[in-house]
There are 2 protein chains.
Amino acid sequence: MSRHGQAAPPSFACERGDHAECMRDALAKAEQVSAARGLRLTRLRRRVLELIWASHTPVKAYDLLEQLRQEHANAAPPTVYRALDFLVQEGFVHRIESLNAYIGCDIPERDHQGQFLICESCGEAAELSNPEIEAALLETARTLGFRLESSLVELKGRCARCRQSQSA
Amino acid sequence: MSRHGQAAPPSFACERGDHAECMRDALAKAEQVSAARGLRLTRLRRRVLELIWASHTPVKAYDLLEQLRQEHANAAPPTVYRALDFLVQEGFVHRIESLNAYIGCDIPERDHQGQFLICESCGEAAELSNPEIEAALLETARTLGFRLESSLVELKGRCARCRQSQSA
DNA sequence: TTTGAAATGTTATAATATTACATTTAGAGC
DNA sequence: GCTCTAAATGTAATATTATAACATTTCAAA
């Protein structure tokens, strides 16, 4: 039986079904990628990454700040925003523009921008990487003479689990 | 010769090439759609829509506020945000999430959410409506058991005109 | 012509993010 | 191990974006 209870399907955002493991892997990968790139994944940056990975729900900067302050009295907005800048820059987290929030990425080694599915009921978000979507975006840009530099795809709705448990 | 000068291609955001006409049409359509829906397109709302249509560059709320204040001394943030809420709600403008800015929509009669191409060089944005992109998004959601409620696509890069005029 | 709902006015404040400059820290080269 | 420097972090202030809450005005239907 999964931690989600009896018949409910698992979180759509957590493929393994075991989030602790998922988080451990993400942090290990971040260490590994940082070492490979010669980056300094400092205590602070690592801690922010950990706080973000604590759930599959995108986290807001000031919520991170509040959590950081529990253990780090002099944390201030720049403390958090700098860590986020680093983590986003290196692909360890993505920013969800429509929520002003951040979520961990489990494939930082691949240079990409996320496409997200966000459940408006449980708040979880999952990253997609659908080659068809990407192809359609590239083709559209090309047709219009546009040189594509970045793309943002954020889809909202209700996930299977929420639809099932809430009769819709 | 277009208003864009000698050999330059026209603005990718302004299909007609005559923005005055484009803006006139948009306002006329807004009047028409409002009448059909029994909405009150008040002077204030209409004026905000006009200010947004003044360019194909997404406009920020506080820039609109500053402009409004020239002619309307007691304009305040809620003045602008309420007008924007109305205009977005009715589809007369779209919000560009990645820019915290707003841009006019010329097809308010069609219920949809925009897909945008945004030139990072000239700042102009154009709405797309590529059925392939939409199909890929819907299919992805369906596959994952997701009930899609809204979708957001914002593509950034450099438009043909900017690439040409700036040697890249 | 009343009257009630919608729109707008007004003040205050919340939420998100950045600037600018000071200080500390970690690691490269000695 | 030291020293120097660049990167990271500390700190204070402030900019930007958005909303809450309540008062007043306006418009059109009854």
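What you are looking at is a predicted structure, and each value in this text was computed from that prediction instead of being measured. Naming convention: chains lettered A, B, ... in sequence-line order (proteins, then strands); numbering from 1 in each chain.
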Item checked: His94(A)-Tyr102(A) aromatic ring centre distance below 6.0 Å -> no
Nearest-angstrom distance from the residue atom [atom1] of [X] to [atom2] of [N]:
| X | N | atom1 | atom2 | value |
| --- | --- | --- | --- | --- |
| Glu97(B) | dT17(D) | CD | P | 13 Å |
| Asn100(A) | dA18(D) | CG | C1' | 10 Å |
| Leu65(B) | dT10(C) | CG | P | 13 Å |
| Leu44(B) | dG9(C) | CG | P | 6 Å |
| Asp85(A) | dA17(C) | CG | P | 10 Å |
| Tyr102(A) | dA15(C) | OH | C1' | 13 Å |
| Leu99(B) | dT17(D) | CG | P | 11 Å |
| Leu41(B) | dA6(C) | CG | C1' | 15 Å |

Taking only N and O in the side chain of [X], is any of them less than 4.0 Å away from OP1 or OP2 of [N]?
| X | N | value |
| --- | --- | --- |
| Arg47(B) | dT8(C) | no |
| Asn74(B) | dT10(C) | yes |
| Lys60(A) | dA15(C) | no |
| Thr42(A) | dA26(C) | no |
| His72(A) | dG10(D) | yes |

So does [X] pair up with [Y], basic N to acidic O under 4.0 Å?
| X | Y | value |
| --- | --- | --- |
| Arg69(A) | Glu66(A) | no |
| Glu120(B) | Arg158(B) | no |
| Arg24(A) | Glu21(A) | no |
| Glu154(A) | Lys156(A) | no |

Margin query: Between dT16(D) and Tyr62(B), is there a base-stacking contact, meaning the centre of the base's six-membered ring lies under 5.5 Å from the residue's ring centre while the planes stay under 30° apart?
Written below: no
Check: NA contact type, Arg45(A), heavy-atom cut-off 4.0 Å: base, sugar-phosphate, or nothing?
Finding: sugar-phosphate
Next item on the list: Assign Arg40(A) to base, sugar-phosphate, or nothing according to its heavy-atom contacts below 4.0 angstrom with the strands shown.
Entry: sugar-phosphate
Check: Hey, which of these two, Arg43(B) or Tyr81(A), hits DNA chain C nearer its 5' end, going by closest nucleotide?
Finding: Arg43(B)
Let's see if you can work this out: which of [options] has an atom nearest to the side-chain heavy atoms of [X]?
| X | options | result |
| --- | --- | --- |
| Pro78(A) | dT19(D), dT11(D), dA17(C) | dT11(D) |
| Arg82(B) | dT17(D), dT10(C), dA18(D) | dT10(C) |
| Thr79(B) | dG10(D), dT19(D), dT10(C) | dT10(C) |

